[in-house]
Amino acid sequence: MKIWTSLKVSIVGLALATLPSAAFATPTYSGLNTITAVVAFQSGNVLFTIGSAPNSPWSTCNVNHQFTINTSTASGAAIYQNIIRAEQDAKNVYVVGKGTCTLISGAEDVDFVQINP
């Protein structure tokens, strides 16, 4: 019985060790910020830059205060509309990243964007 318990603990430990590092990624929280630039690519990816350094925690892959979304999904298209509206109306936003940079290297994937009045 004791051997079986040790074996189960070893298997669980091995499984956790093989998870991709993205599973443990630290997301970026922008704090109250402005959007200073928006670039839309033919691939459907949109890159945008916030006006100042994000608040802690700071994702190690986000190198230039930049975030990215994929507009080919319904959620990505909705976030893109919020980004454009916030930039055009000079509204402050909170941006929360996922802690990963899979769409564009150096730009963090967006979890959500909140527009503030």
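In this text the structure is predicted, and so the values were computed from the model without any measurement.
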According to a 4.5 Å side-chain heavy-atom criterion applied to Ile, Leu, Val, Met, Phe, Trp and Tyr, with indirect links allowed, do Leu103 and Val46 form part of one hydrophobic cluster? no
Please determine which of Thr28, Thr68, Thr100 meets the side chain to side chain contact (heavy atoms under 4.5 Å, CB included) test together with Asn62. Thr28
With Gln66, which of Ile50, Ile104, Thr49 fulfils side chain to side chain contact (heavy atoms under 4.5 Å, CB included)? Thr49
For Tyr94, enumerate each residue passing the ring-ring contact (aromatic ring centres under 6.0 Å, His included) test, keeping only those at least two apart in sequence or located in another chain. Tyr29
Residues 110-117, side-chain donor-acceptor partners within the protein, below 3.5 Å, at least two apart:
residue	atom	partner	partner atom	Å
Gln114	NE2	Asn116	OD1	3.1

Minimum heavy-atom separation for Ala86 and Ile35, please, with both atom names. CB-CD1, 4.2 Å
Pairs touching residues 32-42 that satisfy side chain to side chain donor-acceptor pair (under 3.5 Å), sequence neighbours left out: Asn33-Ser52
Atom OG1 of Thr71 and atom CZ of Phe41: how far apart are they, to the nearest 0.5 Å? 11.5 Å
Donor-acceptor pair, side chain of [X] and main chain of [Y], under 3.5 angstrom:
X      : Y      : value
Glu108 : Gly99  : yes
Asp109 : Thr102 : yes
Asn70  : Ser72  : yes

Assess whether side chain to side chain contact (heavy atoms under 4.5 Å, CB included) is satisfied between Ile83 and Phe67, documenting all intermediate values. CA-CA 11 Å; Ile83 291 166; Phe67 295 87; over 6 Å; no
